[in-house]
Amino acid sequence: MAGKVYPEWVQAQKRKGTTIKKVGDNYYLYKHSSKRVPGKKYPVPVDTYIGVITPEGVVESKKKKISMTSAEVWEYGFSKVLWLLCPEDWKKPLGDDWEDVLAIITLKWSPESYISRERKIKREEDFHYQFAAQMGSLSRRIYKSQGVDIDELRKLATIYMVCMEKEVIISKIKDEQKAMLDRLGVDLEMC
């Protein structure tokens, strides 16, 4: 069986270990290989997209393929802002315990918080604090210092941290959320 006949400018882009596919009026270059699959007698062909073929050459894809099977999604906006706005006058009486207490409170308000990914959370029973009172105190102090209550901050809870393999991104921030973040002077961009 003879191979497919493509125009010269298309055929000129073919290299060893590649294959050309035509879809509609466009030509595409793929890396051609095969892999063994248990239970199959013969190797299964595997084609990996390289780019589109134009008369000027191959325009390679800049997109990176990421496995979604290992993706994790965490609540980020509300929790991060809560930590950034946490007033010093609330932290000071707690001494060295303030981060642990704030982590426990954050998870009470937002059980899917990225905080549980970032740090080991101690148990509430390990402390002698009344957490309901600490939550109320924190809420009042944030309102006093920033003019925003916890319920209003909860509007930021739909800003997510998405972790895929080595990539970490922040989901889209809606205009209303962006306005609140600007008003609070908070930037949620990943470093």
Side-chain angles (χ1 to χ4, degrees), residues 1-85 106-107 109-119 148 151-191:
M1 181 174 159
K4 295 184 181 175
V5 178
Y6 295 114
E8 265 185 53
W9 61 270
V10 173
Q11 200 62 38
Q13 301 306 318
K14 177 132 175 50
R15 303 181 287 257
K16 184 177 180 180
T18 63
T19 187
I20 297 170
K21 294 183 183 181
K22 181 179 180 187
V23 179
D25 292 333
N26 297 315
Y27 299 93
Y28 301 94
L29 187 63
Y30 289 82
K31 177 183 174 197
H32 188 69
S33 59
S34 61
K35 69 176 183 176
R36 286 273 180 200
V37 176
K40 297 263 184 181
K41 270 185 161 180
Y42 302 100
V44 175
V46 176
D47 290 336
T48 306
Y49 179 71
I50 295 174
V52 64
I53 301 172
T54 67
E56 292 77 35
V58 177
V59 179
E60 293 191 23
S61 173
K62 300 283 188 232
K63 293 181 181 176
K64 187 171 136 184
K65 216 172 193 180
I66 296 176
S67 169
M68 294 303 288
T69 58
S70 62
E72 297 178 359
V73 179
W74 301 90
E75 182 278 316
Y76 181 74
F78 170 76
S79 299
K80 184 67 173 179
V81 170
L82 186 64
W83 278 70
L84 292 172
L85 297 182
T106 301
L107 290 174
W109 278 330
S110 180
E112 301 299 320
S113 173
Y114 80 102
I115 296 296
S116 61
R117 176 184 189 267
E118 301 281 319
R119 61 184 300 124
V148 63
D151 288 333
E152 191 176 358
L153 286 181
R154 286 185 200 276
K155 293 176 184 172
L156 302 173
T158 58
I159 300 171
Y160 300 102
M161 172 189 280
V162 183
C163 307
M164 300 170 293
E165 294 174 1
K166 295 178 184 170
E167 297 286 327
V168 178
I169 61 170
I170 301 302
S171 67
K172 183 175 180 174
I173 298 174
K174 298 175 188 166
D175 291 341
E176 175 187 342
Q177 293 168 323
K178 179 80 172 114
M180 183 189 304
L181 293 170
D182 289 345
R183 186 180 53 157
L184 297 171
V186 173
D187 182 12
L188 291 183
E189 295 299 319
M190 294 300 289
C191 301

Flag side-chain contact, heavy atom, 4.5 Å: Arg117 against Met161:
yes
If you apply the rule side-chain contact (heavy atoms from CB on, under 4.5 Å), what do you find for Leu188 with Tyr76, and how did you get there? CA-CA 9 Å; Leu188 291 183; Tyr76 181 74; 4.2 Å; yes
Test item: Trp74 and Ser113 side chains (from C-beta on) under 4.5 Å apart, heavy atoms
no
Hey, is the main chain of Ser79 close enough, under 3.5 Å, to the side chain of Glu75 for a donor-acceptor pair? yes
dist Ile53:CD1 -> Lys14:NZ (nearest 0.5 Å) comes out at 9.5 Å
Smallest heavy-atom separation, Pro45 atom then His32 atom, equals CB-CE1, 4.0 Å
d(Lys35 NZ, Lys40 NZ) to nearest 0.5 Å is 11.0 Å
Sorted by chain and residue number, the side-chain contact (heavy atoms from CB on, under 4.5 Å) partners of Ser34 (sequence neighbours excluded) come out as Pro43
Sorted by chain and number, sequence neighbours left out, side chain to side chain donor-acceptor pair (under 3.5 Å) with Trp83 holds for Thr106
Problem - Verdict with reasoning, Thr19 to Lys31, per side-chain contact (heavy atoms from CB on, under 4.5 Å) - result: CA-CA 6 Å; Thr19 187; Lys31 177 183 174 197; over 6 Å; no
Heavy-atom check, side chain of Ile50 versus side chain of Tyr30, under 4.5 Å:
no
OG (Ser110) and CD1 (Ile115) are apart, to the nearest 0.5 Å, by 9.0 Å
Nearest heavy-atom approach of Ser33 to Asp47 is N-OD1, 4.4 Å
Intermediate values then yes/no, side-chain contact (heavy atoms from CB on, under 4.5 Å), Tyr28 and Val23:
CA-CA 8 Å; Tyr28 301 94; Val23 179; 3.8 Å; yes
Within the 4.5 Å heavy-atom criterion, are Leu153 and Met180 side-chain neighbours or not? yes
On a heavy-atom basis, the closest approach of Ile173 and Lys178 is CG2-N, 3.7 Å
When you compare the side chain of Arg15 with that of Leu29, does any pair of heavy atoms fall below 4.5 Å? yes
**Prompt:** Aromatic rings Phe78 and Trp109: how do their planes relate, parallel, tilted or perpendicular, breaks at 30° and 60°?
**Reply:** perpendicular
(Q) Quick one, Tyr27 and Lys21 - any side-chain contact, counting heavy atoms below 4.5 Å? (A) no
Here the gap from Lys174 atom NZ to Leu181 atom CG, rounded to the nearest 0.5 Å, amounts to 12.5 Å
- Are side-chain N/O atoms of Gln177 and Thr158 paired as donor and acceptor at under 3.5 Å? yes
**Prompt:** Donor-acceptor pair, Lys80 side chain versus Leu84 backbone, under 3.5 Å?
**Reply:** no
**Q.** Contact check, side chains of Glu112 and Val73, non-hydrogen atoms, under 4.5 Å
**A.** no
**Item:** Min side-chain heavy-atom separation Val186-Leu85 under 4.5 Å
**Value:** yes
message: I'd like to know whether Val162 forms a side-chain contact (heavy atoms from CB on, under 4.5 Å) with Val168, so could you lay out the CA-CA distance, the side-chain angles of the two residues, the decisive distance to 0.1 Å, and finally the verdict.
response: CA-CA 6 Å; Val162 183; Val168 178; over 6 Å; no
Salt-bridge criterion met for Glu152 and Arg183 (N-O under 4.0 Å): yes
| field | Atom CG of Asp151: over 12 foreign heavy atoms under 6.0 Å | value | yes
